[in-house]
Colleague: 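First the structure, which I've put down as C-alpha cells, then a few questions once you've had a look.
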Amino acid sequence: MTESTAKLEFGGKTHEFKVRSGSVGPDVIDIGALYKDTGAFTYDPGFTSTASCESEITFIDGDEGILLHRGYPIDQLAEHGDFLEACYLLLYGELPTKAQKDDFDYRVTRHTMVHEQMSRFFTGFRRDAHPMAVMCGVVGALSAFYHDSTDISDPHQRMVASIRLIAKMPTIAAMAYKYHIGQPFIYPKNELNFAANFLHMCFAVPCEEYKVNPVLARAMERIFILHADHEQNASTSTVRLAGSSGANPFACIAAGIACLWGPAHGGANEAALNMLSEIGHVDRIPEFIARAKDKNDPFRLMGFGHRVYKNYDPRAKIMQKTTHEVLGELGIKDDPMLDVAMELEKIALTDSYFIEKKLYPNIDFYSGITLKALGFPTTMFTVLFAVARTVGWIAQWKEMIEDPHQKIGRPRQLYTGSPERDYVPIAKR
Ligand code: SDX
C-alpha cells in the first residue's frame, strides 16, 4: 500500500503527516506528532472529524446506511443468528462453529446468577428510583463481588469478567425491573436461551408457570442484536477512556451505562416514546415538526438524526419490521403511537429541513413502541439498550487492552480562561 502524506503549512513551515488507509472507509491523517512538530493542538469538540482508535470490530458507512460487525451486515446477523452468536462474533472476530457456539452458550448460561448478597444491594434504593440509576450502582458494585476477575493484565481474568458481564446484565436488569414494580426476583433458568431467559426473569411470578412466547423471544433476541455494538459512540468511547487508565472492567461498564443514559444517546428510546405520547395524535404532528425546526425551541424530534448516519439507520428498518411482527403477534391492531410514529416519519422525510440536514429515523425511533408492546415501562427502555450494548463495550474494551500501543487517553484543550494573575486578599476585593 503506497504511503501518502498530508502537508500542513503552519508557523511558516511545511509539516508532513502520514496518511493511513483502513480496510474500508475514510483514510486517517496520523497527527500524533502534530504538537511536538508545531506546538499546536487540533481542535474538534464532539470529535466530529476525529478517529480515536484503530478497530476491527464494527464498521459504519453513514452515507450509505451500512453497519457491519466483523464484516457481516447487521440485517444478516439479525435475520439468521441469535444474540450470543453475535456476542461471540464481536468478542472473537469470527462466527462460531457449532462446538464453539455450544461451549460459549454453556459458559454464559452458567454465569447468569449473581452473588446472592447482591439482592440485598437493591433494597437500598427507593422503589421509584429510575432503573438506570440502579444499573449504574449495581453494575459498578460488581467489582466488589467479583474481584477475582479484575486483574486486566491476566487474559483469563479478562475473559471471565467479559463472560460474567454479558451473562449477568440481563439478570441485574430484570432484578432492577422486579424491584421497581415490587415483585420478587426471578432466578435465571438454564434451559432458556438469552432473550427467553430475560423475558422469563422479567415477567414470570412465583405463583404460576410462565411460558415465554417464542415469537416475542425471537423479537427480543433481534432487538438485542441490533443494539450490540456501534463503533466509537459516546458510551463506547467512555468505556475505552475509563479502561485506558487500567480501571477494572466492571467499573468501565458502569461508566458506559452512565453515558448511555443521556437522551441524546441511549436515553433517546425512552424520550422518543414519551415524545410520541406527548404528540398523542397525528393532528398534532405539524406543531411538533415546527418546534423541531425552531432554532429558539430546544425541542428535538427524539429518535431522529445521527452523528454518523446521514441516511436511514439500517437498524431502524429492521426495528420497524420487528415492531409490526410484535404488534401482530400480540393482536394489537391500531396502536395510536405507531400511527403517530409512521405519520411523523412520513412527514419528516418529505420536509426540506430534515432532508437538508439529513435527519432520518434512528434505532431509537421504533424501539420504544416495540418494548412497550412487550410489556416494559419506558423507564426500562435504556436498561435494555445497556443489556445489549454490554457485549459491544466489552469487545471494544478487550481490543483496547490487548492493543500493544495502548496508552491512557488524555486530550488537551484550547484554554480561553484568565492569564496568570496574583491573589487578592478578601479585604481588598
Ligand atoms: C444513539 O453514536 C451512535 O452510534 C449512537 C447510537 C448507538 O448505537 O450507539 O446510534 C445510539 O444514540 C442514536 C441517537 C439517539 N438520539 C436521538 O435520537 C436524539 C435526537 N437526535 C439529536 O439529538 C442528534 O441528532 C444527535 C445527538 C443524535 C446527533 O447530533 P449531532 O451529530 O451533534 O448533530 P447536531 O446536533 O449538530 O445537529 C445537526 C443539525 C442541527 O441543526 P443546525 O444547528 O445545523 O441548524 O441538525 C439538527 C440540529 O439542530 N438536528 C435536529 C435533530 N437532530 C439534529 N433537529 C431536530 N430534531 C432532531 N432530532
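Start at 1 and go down the list; that is how both ligands and their atoms are numbered.
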Colleague: Does a side chain donor of either S153 or D151 reach within less than 3.5 Å of an acceptor in the other side chain?
Modeller: yes
Colleague: Hey, what polar pairs (N/O, under 3.5 Å) does ligand 1 make with protein?
Modeller:
residue  : atom   : partner : partner atom : Å
ligand 1 : 4 (O)  : H230    : ND1          : 2.5
ligand 1 : 4 (O)  : H306    : NE2          : 3.2
ligand 1 : 8 (O)  : H230    : ND1          : 3.4
ligand 1 : 8 (O)  : R315    : NH1          : 2.6
ligand 1 : 8 (O)  : R389    : NH2          : 2.8
ligand 1 : 9 (O)  : R389    : NH1          : 2.8
ligand 1 : 10 (O) : H230    : ND1          : 3.4
ligand 1 : 10 (O) : H306    : NE2          : 2.6
ligand 1 : 10 (O) : R315    : NH2          : 2.8
ligand 1 : 12 (O) : H265    : O            : 3.4
ligand 1 : 12 (O) : H265    : ND1          : 2.9
ligand 1 : 16 (N) : A264    : O            : 2.9
ligand 1 : 18 (O) : G303    : N            : 2.8
ligand 1 : 18 (O) : N362    : ND2          : 3.0
ligand 1 : 21 (N) : F304    : O            : 2.9
ligand 1 : 23 (O) : R300    : NH1          : 3.1
ligand 1 : 32 (O) : R307    : NE           : 2.8
ligand 1 : 33 (O) : R307    : NH2          : 2.8
ligand 1 : 36 (O) : R300    : NH1          : 2.9
ligand 1 : 36 (O) : R300    : NH2          : 2.9
ligand 1 : 46 (O) : K295    : NZ           : 3.0
ligand 1 : 46 (O) : K357    : NZ           : 3.0
ligand 1 : 50 (O) : R300    : NH2          : 3.1
ligand 1 : 56 (N) : Y353    : OH           : 3.1
ligand 1 : 58 (N) : L301    : N            : 3.1
ligand 1 : 60 (N) : L301    : O            : 2.8
ligand 1 : 60 (N) : F304    : O            : 2.9

Colleague: Could you give all pairs that pass the side chain to side chain donor-acceptor pair (under 3.5 Å) test and reach residues 243-258, with sequence neighbours left out?
Modeller: none
Colleague: Whether R412 engages the ring of F41 as a cation-pi pair (distance to the six-membered ring centre under 6.0 angstrom, angle to the ring normal within 45°) should be assessed.
Modeller: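 Relative to the ring axis of F41, which defines the angle, R412 lies outside at least one limit.
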Colleague: Does any pair with a residue in residues 348-361 pass side chain to side chain donor-acceptor pair (under 3.5 Å), and if so which ones, sequence neighbours excluded?
Modeller: K293-D351
Colleague: List in chain and number order the residues that pass side chain to side chain contact (heavy atoms under 4.5 Å, CB included) with A258, two or more places apart in sequence or in another chain; answer none if no residue qualifies.
Modeller: C136
Colleague: Give the minimum heavy-atom separation between L226 and I363, together with the two atoms involved.
Modeller: O-CD1, 3.6 Å
